[in-house]
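Please read the structure below before turning to the comments.
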Amino acid sequence: MAFIRGGGAVTPPLKGSFPLDHKAECKSSMKEFLLCLKTNSNEHHKCQKLSKEYLTCRMQKGLMADEDLDELGFKHTVKFANDPENVAG
């Protein structure tokens with residue numbers, strides 16, 4: 001267990017830690033996701049598709065444990081009228 005200044009204990013994340021992407025295998029999807037967050041005032045629900053792509057890349061490259069995306073909070077997706085994916089064509 002780690003301790004921080006002030007005497008409080010730091011608890012590990014529920015899912016544990018995962019390795020850094022030293023080979024930049026998922027860097028492009030990470031950058032797209034972060035840019036989406038920046039351009040949408042950090043409204044993460046507007047970037048769900050990119051978030052899924054980034055996490056899927058990490059799982060495929062062995063940078064995190066395989067996990068059902070529904071269990072990671074993608075079970076209920078938010079749809080926006082101006083989202084190009086929601087426009088019939």
Side-chain angles (χ1 to χ4, degrees):
M1 182 183 308
F3 291 93
I4 59 172
R5 189 179 282 171
V10 176
T11 58
L14 294 175
K15 297 284 184 184
S17 61
F18 51 84
L20 297 175
D21 187 5
H22 292 291
K23 296 179 184 176
E25 295 174 279
C26 298
K27 189 172 186 172
S28 63
S29 58
M30 177 201 63
K31 283 187 165 191
E32 287 180 56
F33 173 61
L34 293 175
L35 179 61
C36 179
L37 288 174
K38 185 176 182 178
T39 57
N40 287 290
S41 301
N42 289 319
E43 293 184 43
H44 62 88
H45 56 275
K46 293 183 178 180
C47 305
Q48 277 184 336
K49 180 179 178 270
L50 295 172
S51 178
K52 282 183 187 180
E53 289 174 7
Y54 175 57
L55 292 173
T56 299
C57 178
R58 290 192 61 86
M59 286 185 256
Q60 289 173 345
K61 304 294 183 182
L63 296 168
M64 65 182 282
D66 283 341
E67 186 88 32
D68 183 356
L69 290 174
D70 288 351
E71 298 296 319
L72 293 176
F74 292 102
K75 188 176 234 175
H76 303 288
T77 58
V78 178
K79 298 196 182 224
F80 295 91
N82 62 348
D83 186 343
E85 289 187 10
N86 296 330
V87 177

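Remark: Ser28 engages no residue in a side-chain contact (heavy atoms from CB on, under 4.5 Å) (not counting sequence neighbours). For Cys47, the side-chain contact (heavy atoms from CB on, under 4.5 Å) test picks out Phe33, Cys36, Leu37, Asn40, with sequence neighbours left out. Applying the salt bridge (Lys or Arg N to Asp or Glu O under 4.0 Å) test to Glu67 and every residue at least two apart in sequence or in another chain returns Lys15. For Cys57, the side-chain contact (heavy atoms from CB on, under 4.5 Å) partners two or more places apart in sequence, or in a different chain, are Cys26, Ser29, Lys61. With sequence neighbours excluded, the residues satisfying side-chain contact (heavy atoms from CB on, under 4.5 Å) with Asp66 are Met59.
Taking every heavy atom of both residues into account, Phe74 and Gln48 meet most closely at CE2-O, 3.8 Å. Taking all atoms of both residues into account, the shortest heavy-atom contact from Met64 to Leu72 is CE-CD1, 4.3 Å. In terms of heavy-atom proximity, Lys27 sits nearest to Asp21 at N-OD2, 3.6 Å.
Linking ILVMFWY residues whenever their side-chain heavy atoms come closer than 4.5 Å, directly or via other members, places Tyr54 and Leu34 in the same cluster.
Note: Thr56 OG1 to Leu69 CG = 4.5 Å, rounded to the nearest 0.5 Å.
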